[in-house]
Amino acid sequence: MSKLLSFSGEYLWKFTYGAYDFDVLLNSPLTFPTQFRKSKIDGALFRATVAPTHGFAGYVTVSHVRSRLFGPETGGVSFSPPYSIARPDHDQGLAMNLYTRYQIGHRGPVGGVSYRYDGGLVAVAVPDMATALRLTGDEQGQMGLHCDETFATVSQPIRSCSGTLGATRVRIPRAGTENDDRNPPRIAVRNTTNLSIGQDDLFRHEEQSLSLRFDMVNVGDVDGLYNFLSTFSGTHFVSPRSFTGQMRYAF
């Protein structure tokens, strides 16, 4: 490709007989290995990079990962109902990262913007609303479960709903539409943006130099999840809007 613009891509395809995964004992931290008849994992990554030109530089990446386990279980210990095909919680249909920066001159200030789109990992812990209603108030609050305008809390979980039942941070398929392969529950789509500005060698004298940097994470203060009740990592929230300043003095 040209010196200004370059492209790269990857494709992954993996097929395994006797694939292993883990299952959780009820609502405990105890996990046991379980073996499935086979598994298929495929994915792709595309990247386009713009080399520094007139102060601008950047890149964009687009990725896709599809992971499937095929039953029945052939070994290990399982506490979940049997299924023919399931997608574990590292399956994500689409993810994208965009980063661009601009520098004034060769030694001037540098400003950067990054944008991330996540289509949502599979959330195997809540296949339907009936399951969501059985969760604790804390777990319901984490997923943003609500009945009309009333949201679940630690002390007041939702056990029934005569109105509209939904969740703000997890996408649960409508009743009768859930499919472990084609339409599994997922973490809600999220879009986050970060900003940064700084300058190296703001001050330089002989062997001494001063650099400054300012970062803003999650500019839109997006309220979302990375995962929900994952087997080993639990539940993680997207970092709220935050500001960070750095000063570096070298001598």
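Not measured: the values here are computed from a predicted model.
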**Q** Under 3.5 Å, which donor-acceptor pairs link side chains of residues 244-251 to any protein atom two or more places apart or in another chain?
**A**
from, atom 1, to, atom 2, distance (Å)
Arg248, NH2, Ser211, OG, 3.4
Tyr249, OH, Gln208, OE1, 2.2

**Q** Would you mind writing out the side-chain donor-acceptor pairs for residues 8-16 within the sub-3.5 Å range, not counting sequence neighbours?
**A**
none

**Q** I'd like a table of donor-acceptor pairs (distance under 3.5 Å, sequence neighbours excluded) in which one partner is a side-chain atom from residues 43-55, with atom names and distances.
**A**
from, atom 1, to, atom 2, distance (Å)
Arg47, NE, Thr49, OG1, 3.1

**Q** Would you list the atom pairs, donor with acceptor, under 3.5 Å between side chains in residues 126-134 and any protein atom, with sequence neighbours excluded?
**A**
from, atom 1, to, atom 2, distance (Å)
Asp128, OD1, Ala130, N, 3.4
Asp128, OD1, Thr131, N, 2.8
Asp128, OD1, Thr131, OG1, 2.7
Thr131, OG1, Arg134, NH2, 3.4

**Q** Of all the heavy-atom pairs spanning Val154 and Pro157, show the shortest one and how long it is.
**A**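 What the structure gives for the nearest pair is O-CD, 4.2 Å.
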
**Q** Just to verify, what does Tyr226 make a side chain to side chain donor-acceptor pair (under 3.5 Å) with, not counting sequence neighbours?
**A**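 Result, side chain to side chain donor-acceptor pair (under 3.5 Å) vs Tyr226: none returned.
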
**Q** Please check if the number of heavy atoms outside Tyr17 that lie under 6.0 Å from its OH is greater than 12.
**A**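 Count not over threshold, so no.
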
**Q** Please, which pairs that meet disulfide (SG to SG under 2.5 Å) have at least one residue in residues 121-187, sequence neighbours excluded?
**A**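 Non-adjacent pairs meeting disulfide (SG to SG under 2.5 Å): Cys147-Cys161.
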
**Q** Identify whether Val124 and Val170 are in the same connected component of the hydrophobic contact network (ILVMFWY, side-chain heavy atoms under 4.5 Å).
**A**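 Hydrophobic grouping puts Val124 apart from Val170.
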
**Q** Provide the full list of ring-ring contact (aromatic ring centres under 6.0 Å, His included) pairs with a residue in residues 143-186, sequence neighbours left out, each pair given once.
**A**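 Output for this query lists His146-Phe151.
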
**Q** Are Phe56 and Ile104 grouped together when hydrophobic residues (ILVMFWY) are joined by side-chain heavy atoms under 4.5 angstrom apart?
**A**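 Same cluster.
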
**Q** Quick test of your reading: applying ring-ring contact (aromatic ring centres under 6.0 Å, His included), list the pairs with at least one residue in residues 103-131, sequence neighbours left out, ordered by first then second residue.
**A**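 Matches after skipping sequence neighbours: none remain.
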
**Q** Do Met143 and Leu135 make a side-chain contact, defined as non-hydrogen atoms from C-beta onward lying under 4.5 Å apart?
**A**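 Yes, at least one pair of side-chain atoms sits under 4.5 Å.
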
**Q** Applying ring-ring contact (aromatic ring centres under 6.0 Å, His included), which residue pairs with at least one partner in residues 163-183 are found, sequence neighbours left out?
**A**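 Pairs touching residues 163-183 that pass the test: none.
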
**Q** So how far is it from Gln92 CD to Ser63 OG, rounded to the nearest 0.5 Å?
**A**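 Atom-to-atom, Gln92:CD and Ser63:OG are 6.5 Å apart.
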
**Q** Please round to the nearest 0.5 Å and tell me the distance separating atom CG of Leu165 and atom OG of Ser160.
**A**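 Output value for this atom pair is 9.5 Å.
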
**Q** Quick one, Met216 and Asn194 - any side-chain contact, counting heavy atoms below 4.5 Å?
**A**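 No - every pair of side-chain heavy atoms lies 4.5 Å or more apart.
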
**Q** Got a sec, which residues hit side chain to side chain donor-acceptor pair (under 3.5 Å) with Arg66, two or more places apart in sequence or on another chain?
**A**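 Once residues adjacent in sequence are excluded, the partners of Arg66 under the side chain to side chain donor-acceptor pair (under 3.5 Å) criterion are Asp42.
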
**Q** How many angstroms lie between atom CZ of Arg101 and atom CD1 of Ile197, to the nearest 0.5 angstrom?
**A**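 Rounded to the nearest 0.5 Å, the CZ-CD1 separation comes out at 12.0 Å.
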
**Q** In terms of ring plane angle, is the pair Tyr99 and Tyr59 parallel, tilted or perpendicular, where the classes change at 30° and 60°?
**A**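 Correct class here is tilted.
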
**Q** Could you report the tightest heavy-atom contact between Arg169 and Asp223, atom names first, then the distance?
**A**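 The pair with the smallest heavy-atom distance is NH2-OD2, 2.8 Å.
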
**Q** What distance do Arg37 atom CZ and Leu69 atom CG have between them, rounded to the nearest 0.5 Å?
**A**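 Between Arg37 CZ and Leu69 CG, I get 11.0 Å after rounding to 0.5 Å.
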
**Q** Go through the structure and list residues passing salt bridge (Lys or Arg N to Asp or Glu O under 4.0 Å) with Arg116, not counting sequence neighbours.
**A**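 Arg116 satisfies salt bridge (Lys or Arg N to Asp or Glu O under 4.0 Å) with Asp118 once adjacent residues are dropped.
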
**Q** Indicate whether any N or O donor in one side chain lies under 3.5 Å from an N or O acceptor in the other, for Asn218 and Ser239.
**A**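 No, Ser239 and Asn218 have no side-chain donor paired with an acceptor closer than 3.5 Å.
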
**Q** As an exercise, state the distance from CG of Asp21 to OG1 of Thr34, rounded to the nearest 0.5 Å.
**A**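 Between Asp21 CG and Thr34 OG1, I get 7.5 Å after rounding to 0.5 Å.
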
**Q** Is Arg241 atom CZ crowded by more than 12 heavy atoms from other residues, nucleotides or ligands, each under 6.0 Å away?
**A**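 Above 12, so yes.
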
**Q** Looking only at heavy atoms, which two atoms of Ile187 and Ala123 are closest? And how far apart?
**A**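 Looks like CD1-CB, 4.2 Å.
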
**Q** Decide if atom CZ of Arg171 counts as having more than 12 heavy atoms of other residues, nucleotides or ligands within a radius under 6.0 Å.
**A**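 More than 12 within 6.0 Å, yes.
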
**Q** Once side chain to side chain donor-acceptor pair (under 3.5 Å) is applied, do any residues pair with Asp91, and if so which ones, sequence neighbours excluded?
**A**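 In terms of side chain to side chain donor-acceptor pair (under 3.5 Å), with neighbours along the sequence ignored, Asp91 is linked to Arg87, Arg186.
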
